[in-house]
Structures are given as C-alpha cells and as structure tokens.
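So you know, we letter chains A, B, ... as the sequences are listed, proteins then strands, and number each from 1. Computed over heavy atoms, backbone and side chain alike; hydrogens, waters and symmetry mates excluded.
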Protein chains: 2
Amino acid sequence: MENLNVIDVFKALSNETRLNILKWLREPEKNFPAQQAHLPKEVSIEGGVCVGDIQEKVNLSQSTVSHYLSLMQKAGLLEAVRYGQWTYYRRNEETLAKVAKFINEEI
Amino acid sequence: MENLNVIDVFKALSNETRLNILKWLREPEKNFPAQQAHLPKEVSIEGGVCVGDIQEKVNLSQSTVSHYLSLMQKAGLLEAVRYGQWTYYRRNEETLAKVAKFINEEI
DNA sequence: TTGACATATCGAATAGTATCGATATAAGAT
DNA sequence: ATCTTATATCGATACTATTCGATATGTCAA
C-alpha cells in the first residue's frame, strides 16, 4: 500500500541486527520457540513474533529493539499487529519483493 | 573476486546521489555526453566515466564526489580503472547481481 | 623542471544514528 | 483502584556520516 522509500529501506538494512531479525522472521517457528505463546489458539498472527521474544534473541536493550522494529516498520519492511498488550511484528513480503525488483531493474 | 559485505553495500546505497550515480552508469553514453573524451580512440574503458564528468552532473564538491566514488568502490559496487591522470569508474555488475541474490534468498 | 590539470586525502564543522536507562502509556489480572 | 507486564517514547551521550575547502599526489606538456 505505502509507497516505497528505498533510502529508508537501505538505511534499515544497514545494520547486522536488523538484518538478522528480518532473516529470522522467515522461519518464526524455528527461530522463536516461544512464538505466539500468549495468543489463544483461535487467534493467529501469521508469521508474527512479539517484541519480547525478539529482544530475548538479539542482545540489546528493550528500548533499542522496540526502536529498531518501528524503524523497520516505517521503512515498510515489517508490519505490526497489536493483540492485547503485545505487538506482533512480521515480514512485509510486498516491500521485500519491491526492493528486489528495484535492485534488478532500477539500480 | 572480493567478498560481499552487505552492510557496506547497503550503507553505500543509502544515499540519493550515490544511487543516482549507479543508475546513470547503466547508460553512460546517454547520461554523460562528454564520456571518454580524453581517451585515444584505440583505448576504451567499457562503461567507464571519469570523476570530473560525474562531478559535473551531481552538484557537489570534487572532494565529496571522489569520496563517494571510492566508498562505492570499497563496497564493491563500482570498479576503478586509471588511465593517465583520469580515473574511470564503472559499475561492478558481479556485485550488483550478488546483492539482488542476497535480497531474494537470504533476507 | 616547472606549470597545469585530475584525482585523492586531510582536517574540521555539522548533522544524523546507535544505544542506553528512565519514564510514559496501555492492557490485563486481582 | 491498584499492580504487573509489554511496548513505546524521551533525553542524553557516544559514535558515524556528510560535506566542505585546503592541500597532497600523480601525470602530462612545454
């Protein structure tokens, strides 16, 4: 939906930890064992992992991780879904596809 | 040849001017009219444009442009060929292809 | 060998990013 | 209403990037 700002995307990708988060979110079940433990069985946020689970895996402060995630969301790389007190972040494949296309065709 | 450092690549791509330079170098003849004016006819640096011609097009100081170009070269996005007092820069398609692959397969 | 030109490097000023701990907000449980 | 837990935001400090003008280096020509 949102328009692609490649500069912001590349800035977001210029960081090892953020790159890792994106990679890990390819296979959330594998990389975040406790994934969606807080969600009742009838609710499922496809591919989404909450901030706390991500924070546990990267070794940085809560505020830094929260900041990273919202940065990636603003760049369009992630999307956020709130459920109760938790925010679930998942990959935004649409943007990723656009970025790949941009590199192939524009750059 | 050189190994791909994606962080450095994404940093280099996080800038409008540098992105433009890369784009322009897709079609050097079209974007740099004076292209290779200094080279004798028997020498040709395929796709290469000298620093001065690039500087004329982006509106930044000589030192900034030289710095940008060497940054992009270190990241592997460009390669440099020196001829006499001129340095010709051209795209390094091998790296660009690797970056596209990385986005598709790793990220 | 001196002068002119192309490019690279240096040093400095300013702006932007990374990262933290502390605090605010919001939801859920008692 | 109060307490707890999850996340977001704030303010500070350290580090990195941007950009410049000045200077150094390298090459060619007279």
Side-chain angles (χ1 to χ4, degrees), chain A residues 5 7-22 25 32 34-40 43 45 48-75 77-90, chain B residues 5-21 25 32 34-40 43 45 48-75 77-90:
Chain A
N5 179 337
I7 303 292
D8 286 350
V9 167
F10 288 135
K11 280 184 187 172
L13 296 177
S14 299
N15 177 290
E16 192 79 48
T17 301
R18 292 192 295 260
L19 231 39
N20 281 331
I21 293 173
L22 216 48
L25 287 176
F32 304 94
Q35 202 226 356
Q36 306 203 347
H38 317 295
L39 290 176
V43 179
I45 293 156
V49 176
C50 73
V51 181
D53 288 357
I54 297 172
Q55 198 225 322
E56 220 166 84
K57 187 140 174 144
V58 315
N59 234 353
L60 290 170
S61 75
Q62 187 272 325
S63 59
T64 298
V65 175
S66 175
H67 179 218
Y68 277 9
L69 293 170
S70 92
L71 203 112
M72 286 192 269
Q73 194 219 299
K74 276 170 198 142
L77 293 168
L78 298 181
E79 45 190 5
V81 179
R82 196 157 235 270
Y83 180 82
Q85 40 189 163
W86 294 276
T87 305
Y88 287 83
Y89 284 95
R90 66 179 164 205
Chain B
N5 179 337
V6 281
I7 301 292
D8 285 350
V9 167
F10 287 136
K11 280 184 187 170
L13 296 176
S14 300
N15 177 290
E16 192 79 47
T17 301
R18 291 191 298 258
L19 231 38
N20 281 331
I21 293 173
L25 287 176
F32 304 93
Q35 201 224 357
Q36 307 204 347
H38 315 295
L39 291 176
V43 179
I45 293 157
V49 176
C50 73
V51 181
D53 288 357
I54 297 172
Q55 199 225 320
E56 220 165 83
K57 186 141 176 145
V58 314
N59 234 352
L60 289 170
S61 74
Q62 187 272 325
S63 60
T64 299
V65 175
S66 175
H67 180 216
Y68 277 10
L69 293 170
S70 93
L71 204 111
M72 287 193 268
Q73 194 219 300
K74 276 171 196 141
L77 292 168
L78 298 181
E79 45 191 5
V81 179
R82 196 159 235 271
Y83 180 82
Q85 38 188 162
W86 295 275
T87 305
Y88 287 84
Y89 283 94
R90 66 178 164 205

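Within 4.0 Å (heavy atoms only), Ser66(B) reaches at least one base atom of the nucleic acid. When heavy atoms are screened at a 4.0 angstrom cut-off, Thr87(A) is found touching the sugar-phosphate backbone but no base atom.
What you find for Arg82(B) and Thr87(B) is that their closest heavy atoms are NE-OG1, 3.4 Å. In plain terms, the two heavy atoms of Ser14(B) and Phe10(A) that are nearest each other are OG-C, 3.3 Å.
A donor-acceptor contact closer than 3.5 angstrom is absent between the side chains of Ser66(B) and Ser63(B).
In this entry the distance linking CE of Met72(A) with P of dA18(C) reads 11 Å, nearest Å. At whole-Å resolution of the value, CG in Asn15(B) and C1' in dA17(D) are 10 Å apart. Rounded to an integer number of Å, the gap from Lys11(B) NZ to dT17(C) C1' is 10 Å. Following rounding to the nearest Å, Leu69(A) (CG) and dT9(D) (C1') show an atom-to-atom distance of 14 Å. When the C1' atom of dC15(D) is taken as reference, atom CD1 of Ile7(B) falls 16 Å away, rounded to whole Å. Atom pair Phe10(B):CZ and dA18(C):P shows a separation of 15 Å (rounding to whole Å applied). Here the P atom of nucleotide dA12(C) and the NE2 atom of His67(B) are 16 Å apart, to the nearest Å. Look at NZ on Lys74(A): it is 6 Å from P on dT9(D), rounded to the nearest Å.
Less than 4.0 Å separates DNA chain C from at least one heavy atom of each of the following residues of residues 77-86 of chain B: Arg82(B), Gln85(B), Trp86(B). Residues from residues 53-62 of chain A that place a heavy atom under 4.0 Å from any atom of DNA chain C, listed by number: Leu60(A), Ser61(A).
A cation-pi arrangement is present between Lys57(B) and Phe32(B) under the rule of less than 6.0 angstrom and at most 45 degrees off the ring axis.
Which of dA8(D), dT7(C), dT9(C) sits closest to the side chain of Ser63(B) comes down to dT9(C).
Under the side-chain contact (heavy atoms from CB on, under 4.5 Å) test applied with Arg18(A), the options Leu13(A), Leu77(A), Leu71(A) reduce to a single match, Leu71(A).
Taking 4.5 Å as the limit, every side-chain heavy atom of Ile21(B) sits out of range of all side-chain heavy atoms of Tyr89(B). A heavy-atom distance below 4.5 Å is found between the side chains of Leu60(A) and Thr17(A). Within the 4.5 Å cutoff, the side chain of Val58(B) has no heavy atoms near those of the Asn20(B) side chain.
Taking only side-chain nitrogens and oxygens, Tyr89(A) comes nearer than 4.0 Å to OP1 or OP2 of dA8(D).
Taking the salt bridge (charged side-chain N to carboxylate O under 4.0 Å, His left out) definition, one finds that Arg90(A) meets it with Glu79(A), sequence neighbours left out.
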